[in-house]
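Notes to accompany the following structure.
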Amino acid sequence: MLIEQKVKLSKSAAMKSVLVGVKEGHFVRFYNESLFLWQQWVSQQGGLPPLKVSVKPVLKLNNDVVYAGGLPISVLLKRGVRPIRNGVVNMGCVPIVVEMNEYDGWCKKHAFAAVNKTKNVQKNDDNDVFFPLYIPRLLLQALHAAALTDTCSPDDYS
């Protein structure tokens, strides 16, 4: 199933308060609205873990951000939940009332956290990406000493 289909399935199911995941190998992954429903449901239900939310822009979706989280399918199989057609895991109607208007705030919170993880990323005018690199002082000194004694020039490798 393509990411576009997963996102569309998640949105259409969430509008009906149906929690839907997608079986991917040995895992079930929840996307966007379904992930939001999962997080709300387990916080009130108990017995199932909240999921780590990954936030990634997807090129196929014009760099729209996709929120995803997953868990081993064995966790759901123990509870009698099995995949139906095309690897879709339909958990049915969520037995809690969730205000979907809280979804935007939830997205912003997770997007903000993702941006803070990458706040040290820098770009120059050529769109090259730079990350801070932490090198142990002794290694840096050894590299510097080797560079001073090196008699080769970059022209030697042309």
Side-chain angles (χ1 to χ4, degrees), residues 1-137 139-140 143:
M1 188 179 289
L2 300 173
I3 189 67
E4 301 96 318
Q5 295 168 313
K6 295 172 187 177
V7 169
K8 186 176 179 181
L9 175 67
S10 172
K11 185 173 196 137
S12 63
M15 292 178 132
K16 302 172 199 157
S17 291
V18 175
L19 182 53
V20 173
V22 179
K23 183 177 181 288
E24 298 176 7
H26 295 288
F27 289 85
V28 174
R29 294 189 49 94
F30 298 92
Y31 294 91
N32 293 359
E33 290 88 351
S34 283
L35 179 58
F36 171 72
L37 284 175
W38 173 272
Q39 301 291 62
Q40 301 304 309
W41 183 56
V42 298
S43 70
Q44 296 179 20
Q45 186 78 7
L48 289 167
L51 303 177
K52 179 182 175 191
V53 179
S54 71
V55 181
K56 295 181 182 173
V58 176
L59 188 59
K60 285 183 173 182
L61 299 173
N62 296 321
N63 282 328
D64 284 348
V65 173
V66 172
Y67 303 85
L71 72 161
I73 193 162
S74 60
V75 173
L76 297 178
L77 291 174
K78 288 177 186 174
R79 299 185 184 288
V81 178
R82 304 204 180 292
I84 55 173
R85 59 174 169 62
N86 299 330
V88 173
V89 178
N90 186 338
M91 304 278 294
C93 288
V94 182
I96 62 169
V97 176
V98 175
E99 294 295 326
M100 286 307 286
N101 61 359
E102 296 175 13
Y103 175 69
D104 288 336
W106 179 84
C107 288
K108 287 177 186 171
K109 178 182 108 177
H110 288 287
F112 181 75
V115 167
N116 279 343
K117 285 182 186 175
T118 60
K119 66 182 177 184
N120 290 330
V121 175
Q122 300 170 6
K123 288 187 176 184
N124 65 7
D125 293 336
D126 296 328
N127 248 0
D128 295 325
V129 178
F130 298 94
F131 295 89
L133 181 61
Y134 301 96
I135 301 175
R137 187 180 316 248
L139 179 59
L140 190 60
L143 289 171

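All heavy atoms count here, side chains included; hydrogens, waters and symmetry mates do not.
If you take NZ on K109 and CD on E102, they are separated by 11.0 Å, rounding to the nearest 0.5 Å. Taken from CH2 in W106 to CD in Q40, the straight-line distance is 8.5 Å, to the nearest 0.5 Å. Atom CG of L77 is separated from atom NE2 of H26 by 11.5 Å, given to the nearest 0.5 angstrom.
Nearest approach of N32 to S10, heavy atoms of both residues: C-OG, 4.0 Å.
Residues V65 and H110 have side chains not in contact (no heavy-atom distance under 4.5 Å, counting atoms from C-beta outward). Side-chain contact check for Y31 versus I3: some heavy-atom pair is nearer than 4.5 Å. The shortest distance between side-chain heavy atoms of L35 and Q39 falls below 4.5 Å. In this structure, S54 and R29 have side chains that are in contact, with non-hydrogen atoms separated by less than 4.5 Å.
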Fill in: side chain to side chain contact (heavy atoms under 4.5 Å, CB included) between F30 and L71, intermediate numbers included
CA-CA 9 Å; F30 298 92; L71 72 161; 3.6 Å; yes

Practice prompt. Starting from the C-alpha separation in whole Å, work towards a yes-or-no answer on side chain to side chain contact (heavy atoms under 4.5 Å, CB included) for L51 and Y67.
Written response: CA-CA 11 Å; L51 303 177; Y67 303 85; over 6 Å; no

Item to complete: In sequence, state the C-alpha distance, the side-chain angles, and the governing distance for K6 and V66, and then conclude on side chain to side chain contact (heavy atoms under 4.5 Å, CB included).
Response: CA-CA 10 Å; K6 295 172 187 177; V66 172; over 6 Å; no

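Using a 30° and 60° split on the angle between ring planes, W41 and W38 fall in the perpendicular class, above 60°.
Without hydrogens or angle criteria, S34 side chain to G21 main chain gives no donor-acceptor distance under 3.5 Å.
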